[in-house]
Amino acid sequence: MITEEKKEEKSLNFIEEIIEADLQAGKYKEIITRFPPEPNGYLHIGHASSICLNFGLTKKFPGYTNLRFDDTNPTTEDTEYVESIKNDIRWMGFEWENELYASDYFDTLYGYAIQLIHKGLAYVDDSSSEEIATLKGTPSEPGRNSPFRDRSVEENRLLFEQMKNGTFPDGSRTLRAKIDMAHTNMLMRDPILYRIKHAHHHRTGNNWCIYPMYDFAHGQSDSIETVTHSICTLEFVPHRELYDWLIEQLGIYPSHQYEFARRNLNYTVTSKRKLLQLVQEKHVNGWDDPRMPTISGLRRRGYTPASIRDFCDRIGVARRENMIDVGLLEFCVREDLNKTSLRRMAVLDPLKVVITNFPEELSETCLSENNPEDIAAGMREILFTREIFIEREDFMEVPSKKYFRLAPGKMVRLKGAYIIQAESVVKDENGEITEVHCTYVENSKSGQDTTGINVKGTLHWVSAKHGVPVEVRLYDRLFSVENVASEEGDFKDYINPDSLNIITGYAEPALRDAKPGESFQFLRKGYFAADPDGSTEKPVFNRTVTLRDNWAKAAEK
RNA sequence: UGGCUGAUGGUGUAAUGGUAACACAGGACAUUUUGGUUGUCUCGUUCAAGGUUCGAGUCCUUGUCGGCCAACCA
């Protein structure tokens, strides 16, 4: 038997297993999932995981996925967020079946509330929020009944109607489910279903002054949409009991809730509250600042949809607490960009090199591949001149052992051009090296080298005559500690002060035509994406990620 | 003092009572006109103690440790 390679099928995650079992049991012919963001902020890498899960499920199994905005809290929500969320999901490469809003169901939800009142399962409570909290008890002590718990159905109906009609001020009354104030699950101790908020809603305007709480909107919306598998994160586990209770009492379509563990990334915060704070207090330049873990930030940073999807796929789905190394995300984008991005040369920290035996006026055409991973990307022309820039770190007057870049008397190859040898250095009054004088080796031109000389180092370079200045934004992680949430004190104390370093470098002229969003590999330096702030006169590039750098690792030791 | 939930290399995820695997990270070598890429090799793991079983990461018991739950947020 020579070939027995049945492609190892990737094992299913626990949610896929549930779905497969449901499908096989004939419980459903197709499945319906939903991605339910609240439009109160921008989507981040954590949402990406949920998006890939929910949309991925209905790519793998028959069915579809809805986009539903969980817009039940008018004071925090805005259409700006709605638009950005839609844009980000599409950019990620997913399309929803229906665009829906919890606010579209306000009438239905109101009807559901009336039903509960008639069944004697809901009552209007006049208690203040403090009183409600006091009577709630604690996880280990039972709560006590509200004095308003035993109002008649008729009285409740009337009061709830008045709540709806705007008779009462904010906070003066709530509608509560009548369940059990001694329940071991705190959420079952007569949860609030409706609260009064005289606030403008981004979609329903001033039509309503009462708004349903999450627990009275989410499961009901799932049910209205006949969502089969309602997937959320672990902190909603205690809500499931209430989710099921409401569906049962209302006698509506039984959607089911399944929970997975939120993905945590080290050196990163993904709390919307904290991200909002970073934006509002201008620690970053907006939601799409390339240091932000938002989808829009990652996009501007140069991350590709494929790399983010690959990342989500690799980290998987489970129910245990986790802390994922942000290095994996970087690996994913390197892997993607390595295959697709065009190579260009840019010197970020220039040191002038004069090739003393090269003619002053000559601009010699050299060829270099656009992408060694993709022959079809072809070659491009670059101009070689007597004066060029190399990276300052690529020259050492007194080289350390194993350093095989440029040093006095040493030879290196200039990528796509000639082999040069360093002869002497020019220094300023501070002893700082300002120029390196070299000679080039005749007949050593790239592709036509007949010298037989073997050099270990190959450097990137830019012609001093033809190079164009570019602004380069070097990003580093936004936080200097691995687990920001577990640190004492204010999370902002752990912001990395060096998360952004703006420099001016010299790049080959082709980079002037980079379109915003386009990604390049700057040879030996990393992947860089053109930023919309740039122009033909002054291109701007964001460093997505550095290349792997074994030399830097070795040099550290 | 309660309820819910979880525990597999440094990290993440598999193994569905039958050889603990895959990826990332780390290390070594080879290849390379990017100290990139690629290839080969290497490193190291079932929370603990009992029990059931021919056989336990998986089942049972007890314990230990972690996470979540007392917003008119979602």
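Just so it is clear: chains get the letters A, B, ... in the order the sequence lines come, proteins before strands, and each one is counted from 1.
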Rounded off to whole Å, could you give me the [atom1]-to-[atom2] distance for the [X] and [N] pair?
{"X": "A/Arg548", "N": "B/U34", "atom1": "CZ", "atom2": "C1'", "value": "13 Å"}
{"X": "A/Leu234", "N": "B/A7", "atom1": "CG", "atom2": "P", "value": "11 Å"}
{"X": "A/Ile196", "N": "B/C72", "atom1": "CD1", "atom2": "P", "value": "14 Å"}
{"X": "A/Asp215", "N": "B/C72", "atom1": "CG", "atom2": "P", "value": "11 Å"}
{"X": "A/Ile390", "N": "B/U34", "atom1": "CD1", "atom2": "C1'", "value": "15 Å"}
{"X": "A/Arg334", "N": "B/U38", "atom1": "CZ", "atom2": "P", "value": "11 Å"}
{"X": "A/Met186", "N": "B/C69", "atom1": "CE", "atom2": "P", "value": "11 Å"}
{"X": "A/Lys272", "N": "B/C73", "atom1": "NZ", "atom2": "C1'", "value": "11 Å"}

Near RNA chain B, counting only heavy atoms under 4.0 Å, which residues of [range] show up?
{"range": "residues 341-348 of chain A", "value": "A/Arg343"}
{"range": "residues 370-380 of chain A", "value": "A/Pro372, A/Glu373"}
{"range": "residues 159-172 of chain A", "value": "A/Gly171"}

Show which side-chain atoms of residues 327-335 of chain A pair as donor or acceptor with protein atoms under 3.5 Å away, not counting sequence neighbours.
unit_1: A/Arg334; atom_1: NE; unit_2: A/Thr546; atom_2: O; d: 2.7
unit_1: A/Arg334; atom_1: NH2; unit_2: A/Thr546; atom_2: O; d: 3.2
unit_1: A/Glu335; atom_1: OE1; unit_2: A/Arg314; atom_2: NH2; d: 3.3

Which residue lies more 5' along RNA chain B, comparing A/Pro139 with A/Asn338 via nearest heavy atoms: A/Pro139
Which atom of A/Ile196 lies closest to which atom of A/Pro169, heavy atoms considered: CD1-O, 3.7 Å
Within the structure shown, what part of the strands sits under 4.0 Å from [X] by heavy-atom distance: base, sugar-phosphate, or nothing?
{"X": "A/Thr72", "answer": "sugar-phosphate"}
{"X": "A/Asn185", "answer": "nothing"}
{"X": "A/Phe331", "answer": "sugar-phosphate"}
{"X": "A/His460", "answer": "nothing"}
{"X": "A/Tyr194", "answer": "nothing"}
{"X": "A/Gly457", "answer": "nothing"}
{"X": "A/Tyr403", "answer": "base"}
{"X": "A/Ser127", "answer": "base"}
{"X": "A/Tyr211", "answer": "nothing"}
{"X": "A/Glu259", "answer": "nothing"}
{"X": "A/Gly143", "answer": "nothing"}

Ring-on-base stacking B/G35 with A/Trp551 (under 5.5 Å, under 30°): yes
Nucleotides 8-13 of chain B: protein proximity per nucleotide (B base, S sugar-phosphate only, - neither; heavy atom, under 4.0 Å): B--SSB
Please determine if a side-chain N or O atom of [X] lies less than 4.0 Å away from the OP1 or OP2 oxygen of [N].
{"X": "A/Arg195", "N": "B/A74", "answer": "yes"}
{"X": "A/Lys525", "N": "B/G36", "answer": "no"}
{"X": "A/Asn550", "N": "B/G36", "answer": "yes"}
{"X": "A/Lys553", "N": "B/G26", "answer": "yes"}

Among the candidates [options], find the nucleotide nearest to the side-chain atoms of [X].
{"X": "A/Ser446", "options": "B/G26, B/G35, B/U33", "answer": "B/U33"}
{"X": "A/Glu38", "options": "B/A70, B/G35, B/C73", "answer": "B/C73"}
{"X": "A/Leu547", "options": "B/A74, B/G36, B/C72", "answer": "B/G36"}

Please measure how far the [atom1] atom in [N] lies from the corresponding atom in [M], and state the result in whole Å.
{"N": "B/A7", "M": "B/C47", "atom1": "P", "value": "9 Å"}
{"N": "B/C22", "M": "B/G39", "atom1": "P", "value": "15 Å"}
{"N": "B/G18", "M": "B/G3", "atom1": "P", "value": "33 Å"}

Close side-chain approach of A/His218 and A/Gln257, heavy atoms under 4.5 Å: no
Side chain proximity check, A/Ile192 to A/Phe216, heavy atoms < 4.5 angstrom: no
Qualifying residues under side-chain hydrogen bond (donor to acceptor under 3.5 Å, both in side chains), relative to A/Arg548, sequence neighbours excluded: none
Contacts of A/Asp325 that satisfy side-chain hydrogen bond (donor to acceptor under 3.5 Å, both in side chains) - sequence neighbours left out: none
Residues which pass side chain to side chain contact (heavy atoms under 4.5 Å, CB included) with A/Thr233, listed by chain and number, not counting sequence neighbours: A/Glu235, A/Phe236, A/Phe260, A/Arg262
Residues forming a side chain to side chain contact (heavy atoms under 4.5 Å, CB included) with A/Thr450, sequence neighbours excluded: A/Asn443
Plane angle bin for A/Phe35 and A/His47 - parallel if under 30°, tilted between 30 and 60°, otherwise perpendicular: perpendicular
Geometric class of the A/Phe106/A/Tyr211 ring pair [parallel <30°, tilted 30-60°, perpendicular >60°]: perpendicular
Ring-face cation contact, A/Tyr267 with A/Arg477, 6.0 Å cut, 45° max: yes
Cation-pi, A/Trp208 ring and A/Lys164 (6.0 angstrom, 45 degrees): yes
Nucleotide-level pairing of RNA chain B, given in dot-bracket where Watson-Crick and G-U pairs need both distances under 3.5 Å and | marks other strands: .((((((..((((....[..)))).(((((.......)))))....(((((..]....))))))))))).....
Salt-bridge contact A/Lys272-A/Glu77 (side-chain N to carboxylate O under 4.0 Å): no
Residue that, paired with A/Cys438, satisfies side-chain contact (heavy atoms from CB on, under 4.5 Å) out of A/Leu414, A/Ile390, A/Val353, A/Val412: A/Val353
Residue of the set A/Lys197, A/Glu38, A/His201 for which side-chain hydrogen bond (donor to acceptor under 3.5 Å, both in side chains) holds with A/Asn73: A/Lys197
Sub-6.0 Å ring centroid separation between A/Phe541 and A/Phe528: no
Partner set under salt bridge (charged side-chain N to carboxylate O under 4.0 Å, His left out) for A/Lys445, not counting sequence neighbours: A/Glu364
Under the salt bridge (charged side-chain N to carboxylate O under 4.0 Å, His left out) test, residues paired with A/Lys456 that sit two or more places apart: none
Test item: side-chain donor near acceptor, A/Asp70 and A/Thr72, under 3.5 Å: no
